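Worksheet: the structure to be examined is printed underneath.
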Protein chains: 2
Amino acid sequence: MATGRTHRPATRSRGIPEATVARLPLYLRALTALSERSVPTVSSEELAAAAGVNSAKLRKDFSYLGSYGTRGVGYDVEYLVYQISRELGLTQDWPVVIVGIGNLGAALANYGGFASRGFRVAALIDADPAMAGKPVAGIPVQHTDELEKIIEDNGVSIGVIATPAGAAQQVCERLVAAGVTSILNFAPTVLSVPDGVDVRKVDLSIELQILAFHEQRKAGEEAAAADGQVPPAVARKASADKGPDGDVPAVMPA
Amino acid sequence: MATGRTHRPATRSRGIPEATVARLPLYLRALTALSERSVPTVSSEELAAAAGVNSAKLRKDFSYLGSYGTRGVGYDVEYLVYQISRELGLTQDWPVVIVGIGNLGAALANYGGFASRGFRVAALIDADPAMAGKPVAGIPVQHTDELEKIIEDNGVSIGVIATPAGAAQQVCERLVAAGVTSILNFAPTVLSVPDGVDVRKVDLSIELQILAFHEQRKAGEEAAAADGQVPPAVARKASADKGPDGDVPAVMPA
DNA sequence: CCATCTTTGTGCACGCGTTCACAAAGACAT
DNA sequence: ATGTCTTTGTGAACGCGTGCACAAAGATGG
């Protein structure tokens, strides 16, 4: 039982940086939108704007995949969609199980973005016997007892954990033992997994806390600006200042 | 209307690196668990293990906040909980609005992790008139028409967008115009916001796609290993090999 | 009061990711 | 065919984040 590693230290499969891999889905989405509008080619500048990144970064990202562009013209949209899909492994269909069909699990089951991108919800699993058989998003929920059988019968290698924090580690271990090697974890816990298993974590409250930090910082700078130190970038409504005032730190007007 | 910036380029408010800020909530969660078990002090090594990070990294992170540890002993749990909470701005209560009460929005409204950490759901907003008045997680849903009034009356500065992609940008603009300066975006779109507004993006399908990439890579290495190039790290069930076979790239056994 | 032992705080080096800036490559017009 | 113009692909520099390794600091025991 290894210590919980969330991120691979030195992945770099055939030389594609992790940061680039994380952006490929972004490019793919922008390209798909262009494809639906029957746009034949796109320049790095345009595509970068659509994906919200720097154009040089985008070109370097694509350079890791090969030379798929034409100088003076840009990139062929359809061809690029195919190449990125292939690189991400989306030309095949990945069966996925979702464990924990609470509010979040149900939302995930209903999320359209899965089916559209090479993922297929193979099964919904919940520990509550009362849920068993009840259809969610058109798929009947199955009991946790069936977990191992479901994984093996469907050749599932990707599992989504949407259980309460307390159950996550146990579910994780059962998934891994049954053959799952990639886990998307929505439970607010650090999962311990053996080497060779990938875990990605999505934590709603962490994201909010990061926003709160920046929000507080903005409020602090604003207070400093009112002191005449820094010109305020944007004039904020005075009424909104009511928000951050609980205990403004260090830089209080005194 | 500036080009959509998702991440702050050179934030570093008073010297706290962005990467550190992103880990503070992680430490805070681990510390809270210790606090509930009435553990008085904790060493960097123990806490790092609980949070799933390197101990040196943890110590360096804390060093940005100040010298809160005692050499030879460790960190005082309660004190550290307070310091991190304060740094993240969680000693005050942040009113938050959730826009788009579909499956995901409802899941977010029900998510317990919010209230427990300084966040308060001030309002649920949806464009569907049929939803208006219907209680979700004990809070009545309000119509989009009320958006501006709600934001201003409650001094809301953090908004969560859980609408379909098509509506996201428009909702975003209304939120910002009404005074929101931090946005957590669950819609699969790149949002354009003016300077001074923070956007964080959570994209379920992107996370899955990244997992699929690594999963495919593992399958490829496995095939190579079967050729006798690399010793297989973990013996996988033969039945599971059924998964990745659609069109294995480059490194096929031929 | 001194020695020893534990654990923090950090200087330093290294590697990854980002960005700039430009040469090479191709399209297109003449 | 030749020149011009656009856009890619990438070399190089820079900055951030990470992890090692150790000195400084304090606790603890004699």
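In what follows, every chain begins at residue 1, and chains take the letters A, B, ... in the order their sequences are listed. This one's a predicted model, so the numbers in the text were calculated from it and none came from an experiment.
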What's the CG-P distance between A:Leu58 and C:dT19, to the nearest Å? 12 Å

Measure the distance from CZ on A:Arg23 to C1' on C:dT19 and round it to the nearest whole Å. 12 Å

Checking side-chain contact (heavy atoms from CB on, under 4.5 Å) for the pair B:Asp203/B:Asn185: CA distance, chi angles, key distance, verdict? CA-CA 8 Å; B:Asp203 194 312; B:Asn185 179 31; over 6 Å; no

May I ask you to verify if any side-chain N or O of A:Asn54 is less than 4.0 angstrom from the OP1 or OP2 atom of C:dC20? yes

Starting at CD of A:Glu18 and ending at P of C:dG15, how long is that distance when rounded to a whole Å? 19 Å

The ring pair (Phe, Tyr, Trp, His ring centres under 6.0 Å) partners of A:Phe186 (sequence neighbours excluded) come to none

Assess the side chains of A:Glu87 and A:Gln83: does a donor N or O sit below 3.5 Å from an acceptor N or O? no

Modelled atom types, side-chain donor and acceptor of A:Thr20 and A:Asp61, under 3.5 Å: yes

Test side-chain contact (heavy atoms from CB on, under 4.5 Å), reference B:Leu31, set B:Val81, B:Val39, B:Leu26, output is B:Val81

Checking side-chain polar atoms at under 3.5 Å, does A:Glu78 have a donor or acceptor matched by the opposite partner on A:Ser35? yes

Whole-Å gap separating C1' (D:dG9) and OH (A:Tyr64): 12 Å

Contact pattern, 5' to 3', of nucleotides 6-14 of chain C - B, S or - by protein heavy atom under 4.0 Å: BBBBBBB--

